[in-house]
There are 2 protein chains.
Amino acid sequence: MSGSLTVNPEMAERVRRATDELEYRPNGAAQGLASGMHRSVGVVLPDLSNPYFHGIIKATNVGAARDRYRMLVTEWQEPGEELGVCLDVLSRVDGLLVLSTRMETDSLRDLAARGVPTVLVNRVELGVDLPMVAVDNFSPMLELCQHLASLGHRRVVYLAGSPSAWQNRERWKAVQQARILGLDPVMVASDATIEAGYEATDEALGHDPTALIAFNDLAALGAIARLRELGLKTPEDISVTGFDDVALARYADPALTTIVSPKTALGEQAWMMLEASLRGERPEQPPLLSATFVQRASTGPAKGSGG
Amino acid sequence: MSGSLTVNPEMAERVRRATDELEYRPNGAAQGLASGMHRSVGVVLPDLSNPYFHGIIKATNVGAARDRYRMLVTEWQEPGEELGVCLDVLSRVDGLLVLSTRMETDSLRDLAARGVPTVLVNRVELGVDLPMVAVDNFSPMLELCQHLASLGHRRVVYLAGSPSAWQNRERWKAVQQARILGLDPVMVASDATIEAGYEATDEALGHDPTALIAFNDLAALGAIARLRELGLKTPEDISVTGFDDVALARYADPALTTIVSPKTALGEQAWMMLEASLRGERPEQPPLLSATFVQRASTGPAKGSGG
DNA sequence: CTGTTAGCGCTTTCAG
DNA sequence: CTGAAAGCGCTAACAG
């Protein structure tokens with residue numbers, strides 16, 4: 001027996017030695033089946049290669065390890081596959097962390113209805129009865145816009161992320177709100193990758209902006225690369241901003257003006273909530289985590305505004 | 001019943017309808033236990049946040065999905081924990097992909113002895129009876145050194161990766177070999193991250209080099225950032241090279257001279273071998289995959305050599 | 001405090 | 001071709 005205190009110590013020792021000698025390892029699948037506890041949780045996400053996720057799940061993993069849970073991450077590939085992946089993974093784990101910001105709402109409802117411990121990360125979905133933890137995208141983006149406005153920017157283009165992503169909607173809402181600060185924003189389709197930022201830049205320039213507000217750091221980096229190719233200097237000719245503050249942001253040239261997303265706090269918070277659900281408690285819904293604006297070198301006075 | 005052809009089609013249809021209505025989902029753990037097949041494989045790696053892994057496991061994942069296998073990835077945290085993680089994961093999967101370039105050889109032997117389908121990625125370990133797939137680090141690194149030598153470089157410093165990593169040993173061997181080309185290399189401890197490259201740069205400069213050969217792209221990017229801070233221009237004042245060709249390398253300023261590692265081919269190859277092991281075949285050992293040197297903008301003539 | 005027994009949810013095998 | 005029965009490797013809930 002492993003763990004119980006209601007047992008003869010001598011016997012326990014004898015057993016321990018035997019298992020050691022035979023290199024016995026309990027079979028996880030069988031343990032899980034018999035006890036209904038797998039002592040592991042699953043993480044489901046759309047893209048393993050997005051560095052933004054790394055900080056989050058790393059923090060989650062240390063939390064899980066502390067509580068002796070294993071963390072298994074899976075990436076889904078085809079749109080529509082999400083729910084299937086979740087359900088499938090669910091029979092091997094006790095709970096789920098869903099980082100999939102563009103999973104269908106109905107699928108989320110389905111998960112909620114199943115009553116399996118699940119927490120939603122970085123997605124706020126009213127009408128879905130699931131604990132969620134997310135960072136505030138709106139306020140810091142507005143702050144960023146304010147910064148741009150104070151530098152004299154007016155015509156700006158927003159390089160959008162995935163239209164179905166909650167975060168994208170939040171950020172774009174903030175940018176639009178910034179009309180009140182004098183900004184005149186246009187949205188150009190792009191995505192959360194370097195390549196997408198690079199490729200969307202030409203269309204963005206068609207709107208003759210003085211600043212590019214990229215969905216995230218990666219897109220911003222791609223845009224800066226394209227601008228450089230076109231002979232435009234950042235920030236002298238055009239300012240560029242990011243979002244997330246990935247590791248590279250501060251080391252890029254120019255260092256990115258961006259928003260520092262509390263990835264570690266997010267991952268820890270996510271674990272705490274999941275762990276509570278695992279214990280059968282209903283975790284209380286925390287407020288949005290706040291992210292902070294940081295000015296670095298990729299933004300400057302708007303060109304032609306007498307800055 | 002699901003699959004068999006020896007069954008009344010009408011009956012099958014009736015069953016299908018019933019399962020659909022009840023939203024029946026077979027329990028993976030139970031299936032695995034009963035049949036000994038989990039239809040899933042595990043990936044074990046030391047650091048989820050290293051972008052180099054992403055391309056590899058992405059390719060592996062599409063292979064796995066094609067063959068209707070699920071891929072579960074786990075990161076281990078504490079050194080020494082590797083084997084335990086592998087063994088634990090093993091009771092939920094049918095095979096393992098080990099990307100852990102610094103796992104102890106004994107642990108590898110243990111895995112091999114268990115006879116579980118396992119393939120080693122990017123690590124060549126003679127004396128361990130496990131199929132492995134890796135890319136050739138030596139030849140392209142030598143080619144890179146040749147490039148540097150032809151530019152007039154002589155005093156170079158190698159910003160090392162983890163000493164226990166196979167890849168680090170291979171790359172350093174090549175750099176040392178390049179003495180024959182006239183290079184005079186010194187090794188400075190660093191690591192495979194931006195931060196480590198940044199931090200090792202000051203010590204590297206103590207050796208008065210004309211070029212920095214970084215263990216990988218990330219370290220190179222970090223070094224370039226530090227050099228810029230110190231007022232040194234790349235490549236005018238000092239050349240810097242990377243390794244891997246991560247997405248960012250070509251978009252950085254200056255674009256990185258580096259080595260393009262065939263990440264997709266590696267991931268695909270790894271899957272093919274694992275799949276063969278899963279079928280009970282012994283996959284034949286493929287040769288090292290080759291990586292190609294690519295010159296971009298971060299290298300130039302050695303300063304002071306009359307280039 | 002021990003030893004035994006009945007399942008967890010499925011697959012497989014073996015008689016009908 | 002179908003139905004019933006026997007486990008996969010473990011844990012839990014019992015009687016001894």
Side-chain angles (χ1 to χ4, degrees), chain A residues 1-42 67-70 72 83-96 110-111 113-117 278-280, chain B residues 1-42 67-70 72 83-96 111 114-117 278-280:
Chain A
M1 297 199 186
S2 355
S4 168
L5 292 174
T6 110
V7 75
N8 188 324
E10 178 221 317
M11 187 65 191
E13 185 47 37
R14 216 147 53 96
V15 170
R16 186 172 350 274
R17 211 154 30 219
T19 56
D20 275 12
E21 257 172 58
L22 297 173
E23 295 194 331
Y24 168 79
R25 294 239 141 207
N27 177 310
Q31 273 182 310
L33 187 58
S35 68
M37 276 230 99
H38 298 270
R39 212 94 203 143
S40 67
V41 296
D67 293 334
R68 329 221 77 223
Y69 271 84
R70 183 124 292 151
L72 266 20
L83 184 60
V85 170
C86 289
L87 262 25
D88 185 53
V89 167
L90 264 179
S91 49
R92 303 168 204 292
V93 300
D94 305 315
L96 227 50
D110 192 311
L111 280 178
R114 273 186 159 68
V116 183
L278 254 22
R279 282 198 323 264
Chain B
M1 296 200 187
S2 357
S4 167
L5 292 174
T6 110
V7 74
N8 188 323
E10 178 221 318
M11 188 65 191
E13 186 46 38
R14 215 145 56 96
V15 170
R16 185 171 353 273
R17 212 153 30 218
T19 55
D20 275 12
E21 258 171 58
L22 297 173
E23 295 195 332
Y24 168 78
R25 292 242 144 206
N27 177 310
Q31 272 182 310
L33 187 58
S35 67
M37 275 232 100
H38 298 270
R39 212 92 204 144
S40 67
V41 297
D67 293 334
R68 329 221 76 224
Y69 271 84
R70 184 124 292 150
L72 265 21
L83 186 59
V85 171
C86 289
L87 262 26
D88 185 53
V89 167
L90 263 179
S91 49
R92 302 169 205 292
V93 300
D94 305 314
L96 227 50
L111 280 178
R114 274 185 159 69
V116 183
L278 254 21
R279 282 199 321 264

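Proteins get letters first, then strands, A, B, ... in listed order; numbering begins at 1 in each.
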Counting heavy atoms from C-beta on, name the nucleotide in dA12(D), dC10(C), dC10(D) closest to the side chain of Tyr24(B).
dC10(C)
Closest non-hydrogen atom pair, Leu72(A) against Ser40(A):
CD2-OG, 4.3 Å
Give the rounded distance in Å between these two atoms: CE of Met37(A) and P of dG9(D).
23 Å
Considering only side-chain heavy atoms of Ala34(A), which listed nucleotide, dC8(C), dT12(C), dC8(D), is closest?
dC8(C)
Check the distance between dT11(D)'s C1' and His38(A)'s NE2 and give it to me in whole angstrom.
13 Å
Distance check needed: dC8(D) P versus Arg25(A) CZ, whole Å only.
22 Å
Can you tell me how far P in dG3(C) sits from the matching atom in dC8(D), rounded to whole Å?
22 Å
So which nucleotide from dG9(C), dC10(D), dA12(D) ends up closest to the side chain of Pro26(A)?
dC10(D)
Working to the nearest 0.5 Å, report the span between CG of Leu90(A) and CZ of Arg114(A).
8.0 Å
Rounded to the nearest Å, what distance is computed from the CG atom of residue Leu33(B) to the C1' atom of nucleotide dC8(D)?
4 Å
Work out how far the P atom of dC1(C) is from that of dC10(D), and round it to whole angstrom.
26 Å
Figure out the CG/P separation between Asp88(B) and dC10(D), and round it to whole Å.
13 Å
Which distance, rounded to the nearest 0.5 Å, do you find between the CG of Asp67(B) and the CZ of Arg39(B)?
7.5 Å
For the student: nearest non-hydrogen atoms of Ala29(A) and His38(B), plus distance
CB-CE1, 3.9 Å
dC10(D) OP1/OP2 closer than 4.0 Å to side-chain N/O of Gln31(A)
no
Without decimals, in angstroms, what is the distance between Asn27(B) CG and dG9(C) P?
7 Å
Using whole Å, what does the distance between atom P of nucleotide dC8(C) and atom CG of Asp94(A) come to?
18 Å
